[in-house]
Amino acid sequence: MSEKLKEIRERSQKRKKLLIQTLGVSSVGELRNALGATLDVTPKKQASSEYTSDGNEKPVHKEPDSLVYTDSSTFLKGTQSSNPHNDYCQHFVDTGQRPQNYIRDVGLADRFEEYPKLRELIKLKDELIARTATPPMYLKCDLKTFDLKTMGSKFDVVLVEPPLGAGWRWRDVLALELHHLAQPRSFVFLWCGSSEGLDMGRECLKKWGFRRCEDICWIKTNIKNPGHSKNLEHNAVFQRTKEHCLMGIKGTVRRSVDGDFIHANVDIDLIISEDPEFGSTEKPIEIFHIMEHFCLGRRRVHLFGRDSTIRPGWVTIGHELTNSNFNAELYASYFTEGRDTTGCTERIEALRPKSPPNTSKTRPRGRGGFRGRGRGRGAL
């Protein structure tokens, strides 16, 4: 227990030093004022510790400098537009930093620092995924004219990253014949930006035969390049610091009975990472981790990929690739003898979060009856 307390104290000290450096204050006392935190000492105890029973002044024992955060508003203090004069809010205005820059433990390396079982789960899943991944394959082609039927394979996971504005418009994305690539039981992940893209992305999923089931949001930090965004859009009401990746499902997949194909609840629907340089089309690598952790299917394809996104376990297709090595027969040979999925170990099964039991009661269908408010076939 003492070792655990020591570890917690050391971690707390590191966070205080980071906050002091970030907010530009010189001591814990100033940091306390900036964050609105107080020492966990009651007034009565303070008064009783100042005098002895005979009325003489008693030396006061000083508590070590430590911050007690009374609620989550401590970390959000000043980010609300209703209080523009708050010092903490002014800090964002003066430095051009985005509030999401100050969310801690957002990286893949330290996200589960305080949750050893989740950390072990992610480690075991990553090892299993790497061990069962097919060699990376890639195909340079123009997806406007390429016949997807010639791939000769269908995939469990399809990632679509359309280069909108670079010769592609939403009508071109909508025209993709994705049904030639998708297995009867499969998932699609579509990067669609925001605003109009959210509406058009849903249209694409519907046309391709998928039902939208999740929306992954990428919140962009600007720690390395603070200041006003260079990527302002003429029709935007607010400065846009996020993008969306819609997830669609095809076929019947239920998390309660399809544990051989999906592991739900392992990751979250939020990615927080640095905004790439102006003009860059790179997306956070974490999207690959989310897809691989969730779907145990080994057939994965990335449309509109680049040399920088070539990855074991994936077939990458796009016009920006500099070379090709895709061989349909060789790729199909990787899935013989029932090797369609990564499989699962007993330890992973014991660690992974399970779906709660469905306690909702539905009335029987019939004359005058109705179906309960649950999701229909194929729901997760």
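Residue numbers run from 1 in the order of the sequence given. Everything numeric here is computed off the predicted structure, so don't read it as measured data.
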Exercise: identify the closest heavy-atom pair between [X] and [Y]:
| X | Y | result |
| --- | --- | --- |
| F189 | C245 | CB-SG, 3.8 Å |
| L164 | R169 | CD2-C, 3.9 Å |
| F304 | R306 | O-NH1, 3.5 Å |
| N323 | Y138 | O-CD1, 3.4 Å |
| T132 | R298 | O-NE, 2.9 Å |
| T341 | D260 | CG2-O, 3.9 Å |

*Any side-chain heavy atom of I287 within less than 4.5 Å of one from W191?*
yes

_Does any part of the side chain of L198, heavy atoms only, come nearer than 4.5 Å to the side chain of C192, both counted from C-beta?_
yes

Could you go through residues 288-296 and list every donor-acceptor pair under 3.5 Å that involves a side-chain atom there, pairing it with any protein atom two or more places apart or in another chain?
{"unit_1": "E292", "atom_1": "OE1", "unit_2": "R311", "atom_2": "NH2", "d": "3.2"}
{"unit_1": "E292", "atom_1": "OE2", "unit_2": "R311", "atom_2": "NE", "d": "2.9"}
{"unit_1": "E292", "atom_1": "OE2", "unit_2": "W314", "atom_2": "NE1", "d": "2.8"}
{"unit_1": "H293", "atom_1": "ND1", "unit_2": "D267", "atom_2": "OD2", "d": "2.7"}
{"unit_1": "H293", "atom_1": "ND1", "unit_2": "H289", "atom_2": "O", "d": "3.3"}
{"unit_1": "H293", "atom_1": "NE2", "unit_2": "D126", "atom_2": "OD1", "d": "2.7"}

*Side chain of R98, backbone of K220: donor and acceptor closer than 3.5 Å?*
yes

*asked:* Does either side chain, that of S308 or that of E282, offer a donor lying less than 3.5 Å from an acceptor on the other one?
replied: yes

_Within a 6.0 Å radius of atom NZ on K144, are there more than 12 heavy atoms belonging to other residues, nucleotides or ligands?_
yes

*Are K283 and W218 in a cation-pi contact, defined as NZ or CZ under 6.0 Å from the six-membered ring centre and within 45° of the axis?*
no

_Row check, F261 ring normal vs R185 NZ/CZ: under 6.0 Å, within 45°_ = yes

_Worked check of side-chain contact (heavy atoms from CB on, under 4.5 Å) between V315 and F155_ = CA-CA 10 Å; V315 175; F155 298 86; 4.0 Å; yes

*Given the rule in the side-chain contact (heavy atoms from CB on, under 4.5 Å) test, do D172 and L143 qualify, once you have shown the distances and angles that lead to the verdict?*
CA-CA 9 Å; D172 302 316; L143 283 165; over 6 Å; no

*What distance separates L351 CG from E349 CD, expressed to the nearest 0.5 Å?*
10.0 Å

*Find the distance between CD1 (I348) and NZ (K123) and round it off to the nearest 0.5 Å.*
10.5 Å

*Go through the steps for H179 and K154 under the test side-chain contact (heavy atoms from CB on, under 4.5 Å), then give the verdict.*
CA-CA 9 Å; H179 60 278; K154 292 195 173 185; over 6 Å; no

*What pairs with S256 under side chain to side chain contact (heavy atoms under 4.5 Å, CB included), at least two apart in sequence or on another chain?*
R254

_If you apply the rule side-chain contact (heavy atoms from CB on, under 4.5 Å), what do you find for I219 with I103, and how did you get there?_
CA-CA 11 Å; I219 305 295; I103 301 175; over 6 Å; no

_Any salt bridge linking E177 with K149? Criterion: basic side-chain nitrogen under 4.0 Å from a carboxylate oxygen._
no

